[in-house]
Each structure stands twice: as structure tokens, then as C-alpha cells.
Enquirer: 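Below you will find the structure I want to go over with you.
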Amino acid sequence: MPLSRLATHRHTAFVIVERVSIARIGVLTGGGDAPGLNAVIRAVVKAAYNSGIEVLGLEDSFDGLIEPDRSRILTPRDVTGILRLGGTILGTTNRGNPFAYPVETSEGTRDYSDRVVEMFRKMGLDALVVIGGDGTLAIAHQFYKRGIPVVGVPKTIDNDIVGTTNCFGFDTAVAFATDAIDRLHTTAEAHRRILVVEVMGRYAGWIALYSGVAGGADAILIPEIPFDPVIVAERLRERDKWGARFSIVVVAEGAFPKGGKLALLEEAHDGFVERLGGVGAKICERLAKLTGKETRSVVLGHLQRGGAPTSFDRVLATRFGGKAVELVKRREFGTMVAFAPPDIIARPLEEVVGKTKTVPPDSDLLVTAKALGVTFGD
Ligand code: F6P
């Protein structure tokens with residue numbers, strides 16, 4: 001059973017266990033940032049405040065539960081004006097799993113997870129709202145099993161968390177990538193070139209698929225469908241035949257050629273996950289040889305994570321934050337808020353962690369794109 005302050009009263013033959021009401025909760029943001037994190041924090045703080053609950057903002061993910069001076073009380077005054085801001089006022093880190101290694105603290109080297117549980121008690125917290133991606137939510141789930149009452153909020157531009165149709169941040173990333181593709185269209189057309197755009201997404205092709213379709217790409221390469229560069233080149237050459245002598249190729253950072261490997265910028269090491277990147281430049285070079293055309297590539301990188309969230313992401317993030325406080329008040333711990341259109345619901349963390357939501361082969365958007373002549377290199 002999760003830690004919650006229990007009061008016991010002895011009445012003759014009975015022991016009545018009465019749960020003390022939620023008075024103080026912690027909120028933290030973990031993993032890579034995504035537009036909308038501040039909108040969630042704002043919603044949590046305002047909804048909690050209006051229910052008489054104090055919110056402690058924990059800095060830099062679970063680090064805020066290691067050192068006493070890495071947290072601060074958040075009131076509505078502290079979150080006024082942050083709805084539209086990218087990043088996170090609490091800071092974040094995507095350093096590896098705190099259960100996997102000990103860390104240096106002001107009191108010497110300690111097991112990170114023990115320290116977190118201990119600090120949670122010392123800080124007088126009744127619950128924890130954890131805003132994060134698959135890695136952070138998996139850590140939150142482990143802490144829930146260690147007795148911390150947790151509610152998770154799914155965040156990632158990659159949109160790869162199972163159990164929720166959308167994560168906030170995804171719409172903003174797609175909007176940015178679409179705008180970039182629009183800009184590349186005009187220069188590609190002017191020079192009759194092939195322009196390759198590499199987008200993020202880790203092992204899922206959601207950003208590539210959505211921005212590729214929205215931007216009218218001619219080829220979309222995603223991790224779910226290993227591609228053949230020869231097939232891609234053939235399709236692009238066909239465009240020359242009917243007079244469209246330029247092409248746009250959108251490639252997800254996790255896409256790889258048939259029989260080939262993922263392109264990595266850095267191998268996993270010391271609690272850090274592997275860093276994907278470089279496939280765009282590789283396919284660009286290959287397409288230049290296969291088509292004989294001038295090709296250029298561009299990597300959108302962290303631009304996709306920065307800037308103001310779209311109105312869709314602001315609304316989704318606000319709904320997630322409000323629902324998280326509702327779940328805390330109802331003591332529905334070990335859960336994650338999720339978007340199941342048109343509703344925001346709760347799902348057990350147990351069902352969502354350790355999995356990746358990838359683009360299904362029968363996705364209607366994928367099927368429609370193929371029907372329109374977009375090649376996926378298969
Ligand atoms: O998960 C979000 C994401 O932006 C991925 O799309 C990308 O692979 C990764 O984070 C990059 O993380 P960072 O550069 O912050 O380590």
C-alpha cells in the first residue's frame with residue numbers, strides 16, 4: 001500500500017484507520033523537455049491551490065528529492081504567465097535510472113532510490129505528480145511500488161507512450177517540422193534539388209509521419225518500416241518524368257535501411273541512453289548517387305522541442321494537470337493521466353511502462369499516404 005499518513009483511533013474493540021487528507025504534494029518534470037511542461041505545472045499548482053493543497057516544485061527531476069535545497073513552494077503567483085512558455089520552470093534531466101546507480105549527495109554516496117523515498121517522507125509530502133516520458137514514468141512506477149503515492153503525466157514530442165492517443169509536445173513538434181518542410185519546399189523547387197529533413201522520434205515514426213503528410217513529403221522513412229534506398233530513389237526519379245523536378249524526403253532519426261543499422265551519435269553509457277542521429281545525411285548521400293541529382297540534408301534537432309506550445313498542446317497539458325490533481329484527491333495512485341478522445345482518463349502505470357507505442361502498419365494515415373503515392377521505401 002502506498003505511503004499515506006495514517007491516523008489510528010482505538011474505539012473499544014475496533015481499530016479505525018482514517019486517512020489524513022492530502023495537504024501537500026510534490027511535482028517534478030523528468031526526461032527531455034517538451035512544449036507544454038509549464039502548462040501542466042501551472043494547472044497542477046492552480047488546481048491544487050484551489051483545493052487547499054500546497055505544491056512543492058522539485059527541481060531537475062528526481063534530483064529535487066535528493067537535496068533539501070532543490071525544491072520550492074509554488075503558488076499561483078509563481079506560475080502566472082508560464083502557460084505559453086516552452087521548457088520547464090523546474091528544470092529537467094534525462095540522466096539514467098536512479099535505481100541503477102548510487103549518487104553523491106551532501107551526506108556522502110547514497111543509493112538514489114532510498115534517498116528519494118526518505119526525502120519524500122521528510123518533506124511531508126502526501127503524493128507526487130511526475131511529468132515525464134517512458135523512462136521517467138517507469139522510474140515513477142518503481143517508486144510507487146516502493147510506497148510513494150504517484151500520479152504520472154505523459155510527456156514527449158515523440159508521442160510514443162502507450163495508453164494515450166496524444167502526449168503534449170507532439171503537436172508543437174509536428175507544427176514546427178511542418179513549417180520547416182514548407183520552407184524547404186520553396187528552395188528545393190527553385191534549385192530542383194532533393195531535400196532530406198531528419199526529424200526526432202526515437203524508435204517511433206509519429207513525428208515523421210504527421211509532419212511528412214502535413215508538409216506534402218514525397219518520401220517518409222520511419223523506424224517501423226526498414227527502407228530500401230533504391231526504391232526511394234526510383235520514386236523520386238519518377239517525379240522528374242512528370243515535371244516535378246524536386247523532392248522532399250522526411251526521415252525519422254530512428255529509421256534504418258533494410259538489413260542496416262540505426263544511425264547513432266553516441267552509444268549508451270553510464271546511465272545515459274543511446275543518442276540517435278545521422279540517418280538524414282547518410283540517405284542524402286545515397287540518394288545523390290542513385291538519382292544523380294543535387295541533394296541537401298537538414299537536421300531539425302532540438303528546435304522541435306523548443307518554443308511555445310500550440311493551442312492544442314496547451315489545452316491537453318492543462319487538462320492533464322487538472323486531471324492529475326483530481327486523481328491525487330481521489331487517491332487513485334499508481335496511475336497515469338491519458339487522452340482517450342474526447343476524454344482524459346486514468347490508466348494504471350503498470351499497463352503503460354516499459355512499452356513503446358509505434359506506428360501500426362495499418363495506421364489509416366500511413367495507408368492514406370501510400371495511396372497518395374508517398375513512398376516509405378518498402
Ligand atoms: O524523447 C525526446 C527526444 O527529443 C527524442 O526525440 C530524441 O532522440 C531525444 O529526446 C534527444 O534527447 P537529448 O538530446 O536531450 O539527449
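As the structure lists them, so they are numbered: ligands from 1, and atoms in each ligand from 1. Just the heavy atoms: all of them, side chains too, but no hydrogens, waters or symmetry mates, feed the values below. On a predicted model such as this, the values are computed, not experimentally measured, just so you know. Numbers here are sequence positions counted from 1.
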Enquirer: Go through the steps to decide whether F143 and F120 satisfy the test ring-ring contact (aromatic ring centres under 6.0 Å, His included), and finish with yes or no.
Expert: CA-CA 10 Å; F143 281 123; F120 178 85; 9.3 Å; no
Enquirer: Would you say Q304 contacts ligand 1, with heavy atoms under 4.0 Å as the rule?
Expert: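 No, that is not the case, since the closest heavy atom of the residue is not under 4.0 Å from the ligand.
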Enquirer: For the CG atom of N166 and the OG1 atom of T164, what is their distance to the nearest 0.5 Å?
Expert: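 Spacing of CG (N166) from OG1 (T164) equals 6.5 Å.
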Enquirer: State the atoms of ligand 1, each with its element, that fall below the 4.0 Å cut-off from a heavy-atom position in G201.
Expert: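 Those atoms are 6 (O).
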Enquirer: With atom 7 (C) of ligand 1 as the reference point, say which of E253, K155, R275 has the nearest heavy atom.
Expert: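 It is E253 that holds the nearest heavy atom.
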Enquirer: Do me a favour and list the nearest non-hydrogen protein atom to atom 16 (O) of ligand 1 with residue, atom name and distance?
Expert: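 Scanning the protein heavy atoms, the shortest distance from atom 16 (O) of ligand 1 goes to N94 ND2, 3.3 Å.
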Enquirer: Tell me, please: is D158 in heavy-atom contact with ligand 1, that is, under 4.0 Å?
Expert: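 Yes, that is the case, since the closest heavy atom of the residue is under 4.0 Å from the ligand.
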Enquirer: Pull out every atom of ligand 1 sitting under 4.0 Å from any heavy atom of H302, numbered as shown with elements.
Expert: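 Matching atoms, with element in brackets: 13 (P), 14 (O), 15 (O).
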Enquirer: Group every Ile, Leu, Val, Met, Phe, Trp and Tyr by side-chain heavy-atom contacts under 4.5 Å, then state whether I131 and F312 land in the same group.
Expert: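 In one cluster: yes.
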Enquirer: Among V150, V352, V328, L327, which one satisfies side-chain contact (heavy atoms from CB on, under 4.5 Å) with T335?
Expert: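 Testing T335 for a side-chain contact (heavy atoms from CB on, under 4.5 Å) against V150, V352, V328, L327 leaves exactly one candidate, L327.
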Enquirer: Strictly under 4.0 Å, does any heavy atom of G133 approach an atom of ligand 1?
Expert: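 In this structure, G133 fails to qualify as a contact of ligand 1 - no heavy atom is under 4.0 Å.
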Enquirer: Are E238 and R235 ion-paired here, with the side-chain N under 4.0 Å from a carboxylate O?
Expert: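 Here E238 pairs with R235 in a salt bridge, since their nearest N and O are under 4.0 Å apart.
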Enquirer: Atom CD of E198 and atom CD1 of I283: how far apart are they, to the nearest 0.5 Å?
Expert: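 The CD atom of E198 sits 11.5 Å away from the CD1 atom of I283.
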Enquirer: If you have a sec, work out which protein heavy atom is nearest atom 3 (C) of ligand 1 and how many Å separate them, to one decimal?
Expert: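 Looking only at protein heavy atoms, the one closest to atom 3 (C) of ligand 1 is R305 NH1, 3.5 Å.
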